[in-house]
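Beneath this line is the structure, given in structure tokens, with notes to follow.
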Amino acid sequence: MQQLTRNGVVIDNTFAEAFGMRATAIVITAPTLGWARQAAITMTGYATSVIGCGCEAAIDVDLPESKTPDGRPGCRVMIFAMGTDELQKQLKSRLGQCVLTSPGSACFAGLEGSAPLDLGNALRYFGDGWQISKKFGGRHYWRVPVMDGEFLCEATTGLTKNAVGGGNLLFLAADNAKALHAAERAVAAIGKVPGAIMPFPGGVVRSGSKVGGKYKGMMASTNDAFAPTLRGVVNSALTPDVNAVLEVVIDGETSDAVAAAMRAGLKAVIDLGPKRGALRISAGNYGGKLGKFHYHLKDLLP
């Protein structure tokens with residue numbers, strides 16, 4: 001494999017392979033940013049991979065009072081799934097169990113898309129007949145009575161069919177501490193890119209996977225080529241100086257958002273340098289046969 005070098009960090013001449021997905025977004029507000037984030041974090045729990053969770057979700061950006069529909073602090077949450085029906089299912093259950101229940105919360109559309117997905121239209125029945133329909137400024141809302149007052153929820157939010165999931169960067173380092181330092185730098189940089197999320201814990205995944213496995217029914221199994229303990233018994237992608245690998249996976253509202261996020265992550269880790277972070281940066285793909293979106297690292301370098 002041909003390689004490039006930037007600031008002493010080796011960059012593999014490879015690409016991340018990503019897939020088309022369906023996505024939506026909502027804006028959650030509350031009396032404080034802390035409570036808005038609490039609702040959002042609870043809602044996006046267990047949403048790391050469509051392989052096992054049904055959806056991938058995370059907070060996109062925090063929003064000041066001046067940027068929310070009701071003038072309270074909030075955050076924008078993005079949710080990705082492989083199909084519209086699954087996306088609607090995940091949105092309804094997570095909204096009902098995690099946002100409706102959270103003190104002082106309200107929920108609004110976070111995306112103008114090609115088709116509507118139900119928000120308040122799905123949750124209004126919790127009001128048991130006491131819910132109130134309101135239209136204001138060309139938008140439709142539901143007011144649902146709850147024990148601390150009312151849950152205000154917009155009737156629908158938008159769906160986009162142009163979302164992309166599975167952009168990724170692999171950080172190869174001399175030890176776990178340096179790999180984590182590199183990944184954390186990448187996460188901080190990517191977090192500033194609007195319209196892109198990192199669904200794994202803290203944005204980082206250690207259990208990178210390949211398609212399938214030797215056991216029946218496994219959709220994915222350990223990425224043995226990047227597992228340091230298997231270096232001597234598999235066709236390893238690791239050199240002797242690499243003893244830890246961490247991955248950042250990125251989903252984007254658009255393909256451009258994924259590219260911008262990967263570019264930001266690359267720059268942050270290259271600027272960190274190999275002594276404190278990654279010796280090498282790579283990406284995961286399936287030979288270009290499964291996903292139509294290919295993000296070549298050489299094209300994203302600073």
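A quick note: this is a predicted structure, and the numbers were derived from the prediction, not measured. We use all heavy atoms of the structure for the numbers below, so side chains are in, but hydrogens, waters and symmetry mates are not.
In terms of hydrophobic clustering, with Ile, Leu, Val, Met, Phe, Trp and Tyr side chains grouped at heavy-atom distances under 4.5 Å, Phe200 and Ile197 are assigned to different clusters. Put simply, Phe226 and Val211 are part of two different groups of oily side chains (I, L, V, M, F, W, Y) that touch within less than 4.5 Å, one to the next. Note: the hydrophobic cluster containing Ile28 also contains Leu119 (ILVMFWY, side chain heavy atoms under 4.5 Å, direct or indirect links). When hydrophobic clusters are built by joining Ile, Leu, Val, Met, Phe, Trp and Tyr residues whose side-chain heavy atoms come closer than 4.5 Å, directly or via intermediates, Leu123 is grouped together with Leu117. Ile250 and Ile270 fall within the same hydrophobic cluster, defined by Ile, Leu, Val, Met, Phe, Trp and Tyr side-chain heavy atoms under 4.5 Å apart, directly or through other members.
In this structure a side-chain-to-backbone donor-acceptor pair under 3.5 Å is present from Asn243 to Ala174. Between the side chain of Thr48 and the main chain of Pro199, no donor-acceptor pair closer than 3.5 Å is present. In this structure, Asp60 contributes its side chain and Gly195 its backbone to a donor-acceptor pair below 3.5 Å. For the pair Asn168 (side chain) and Gly284 (backbone), a donor-acceptor distance under 3.5 Å is present. Judged by distance alone, the side chain of Asn176 and the main-chain N or O of Ala244 form no donor-acceptor pair under 3.5 Å. At least one donor-acceptor pair closer than 3.5 Å links the side chain of Lys210 to the backbone N or O of Thr222. Counting only distance, with no hydrogens or angles, the side chain of Gln131 and the backbone of Val144 share no donor-acceptor pair below 3.5 Å. The backbone N or O of Ser105 lies less than 3.5 Å from no partner atom in the side chain of Ser102, so there is not a single donor-acceptor pair. Looking at Glu247, its side chain never comes within 3.5 Å of a backbone N or O of Val204 through a donor-acceptor pair. Side-chain atoms of Asp251 come within 3.5 Å of backbone N or O of Gly166 as a donor-acceptor pair.
Residues Met198 and Val187 meet the side-chain proximity criterion, which asks for heavy atoms closer than 4.5 Å. Side-chain contact between Phe19 and Leu290 is present, with heavy atoms from C-beta onward closer than 4.5 Å. The shortest distance between side-chain heavy atoms of Gln38 and Trp35 falls below 4.5 Å. At least one side-chain heavy atom of Arg280 sits less than 4.5 Å from a side-chain heavy atom of Asp12. In this structure the side chain of Thr160 never reaches within 4.5 angstrom of the side chain of Ser114, judged on heavy atoms. By the 4.5 Å heavy-atom criterion applied to side chains, Ile59 and Arg76 are not counted as neighbours. Looking only at side-chain heavy atoms (C-beta outward), Arg276 and Lys178 stay at 4.5 Å or farther from each other. Between Leu272 and His181, some side-chain heavy-atom pair lies under the 4.5 Å cut-off.
Using the six-membered ring where Trp is involved, Tyr295 and Phe293 have ring planes that are parallel, under 30° apart on the 30 and 60° scheme. The aromatic rings of Phe108 and Tyr141 stand perpendicular to each other, their planes meeting at an angle above 60°, with 30° marking the opposite boundary.
Classification of Asp62 and Arg37 as a salt-bridged pair holds, one side-chain N sitting under 4.0 Å from a carboxylate O. The residues Asp85 and Lys89 are annotated as not salt-bridged, no charged nitrogen and carboxylate oxygen being separated by less than 4.0 angstrom.
Closest approach of Ala182 and Val269 over heavy atoms only: O-CG2, 3.3 Å.
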**Prompt:** Passes side-chain contact (heavy atoms from CB on, under 4.5 Å), Thr254 versus Val164? Steps please.
**Reply:** CA-CA 6 Å; Thr254 63; Val164 176; over 6 Å; no
**Request:** Give the C-alpha distance, both sets of side-chain angles, the deciding distance and a yes or no for side-chain contact (heavy atoms from CB on, under 4.5 Å) between Ile132 and Trp142.
**Result:** CA-CA 6 Å; Ile132 299 172; Trp142 285 98; 5.9 Å; no
**Item:** Residues Val27, Leu63; criterion side-chain contact (heavy atoms from CB on, under 4.5 Å); working and verdict
**Value:** CA-CA 9 Å; Val27 171; Leu63 298 170; 3.8 Å; yes
**Asked** Checking side-chain contact (heavy atoms from CB on, under 4.5 Å) for the pair Leu111/Glu253: CA distance, chi angles, key distance, verdict?
**Response** CA-CA 10 Å; Leu111 181 68; Glu253 188 173 330; 3.1 Å; yes
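Note: Leu33 CG to Arg72 CZ = 12.0 Å, rounded to the nearest 0.5 Å. Separating the CD1 atom in Ile79 from the CG atom in Leu91 is a distance of 5.0 Å, to the nearest 0.5 Å. One distance of note links CG of Asp175 with CG of Asp241; it measures 11.5 Å at 0.5 Å rounding. From Lys289, atom NZ reaches atom CD of Glu17 across 10.0 Å, with rounding to the nearest 0.5 Å.
Applying side-chain contact (heavy atoms from CB on, under 4.5 Å) to Leu266 and the options Ile190, Leu297, Asp271, Val9 leaves one that passes, Leu297.
Members clustered with Leu230: Val233, Val234, by chain and number, using a 4.5 Å side-chain heavy-atom cutoff among hydrophobic residues.
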Distance-only criterion, 3.5 Å: show the donor-acceptor pairs between side-chain atoms of residues 147-154 and protein atoms not counting sequence neighbours.
{"unit_1": "Asp148", "atom_1": "OD2", "unit_2": "Gly104", "atom_2": "N", "d": "3.0"}
{"unit_1": "Glu150", "atom_1": "OE1", "unit_2": "Arg143", "atom_2": "NE", "d": "2.9"}
{"unit_1": "Glu150", "atom_1": "OE1", "unit_2": "Arg143", "atom_2": "NH2", "d": "3.2"}
{"unit_1": "Glu150", "atom_1": "OE2", "unit_2": "Arg143", "atom_2": "NE", "d": "3.3"}
{"unit_1": "Glu150", "atom_1": "OE2", "unit_2": "Arg143", "atom_2": "NH2", "d": "3.0"}
{"unit_1": "Glu154", "atom_1": "OE1", "unit_2": "Ala109", "atom_2": "N", "d": "3.0"}
{"unit_1": "Glu154", "atom_1": "OE2", "unit_2": "Arg139", "atom_2": "NE", "d": "2.7"}
{"unit_1": "Glu154", "atom_1": "OE2", "unit_2": "Arg139", "atom_2": "NH2", "d": "3.0"}

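More than 12 heavy atoms of other residues, nucleotides or ligands shown are found within 6.0 angstrom of CZ on Arg231. Under a cut-off of 6.0 angstrom, the local environment of CD in Glu86 is crowded, with over 12 non-hydrogen atoms contributed by other residues, nucleotides or ligands.
A donor atom on one side chain and an acceptor atom on the other are not found under 3.5 Å apart for Asp118 and Thr156.
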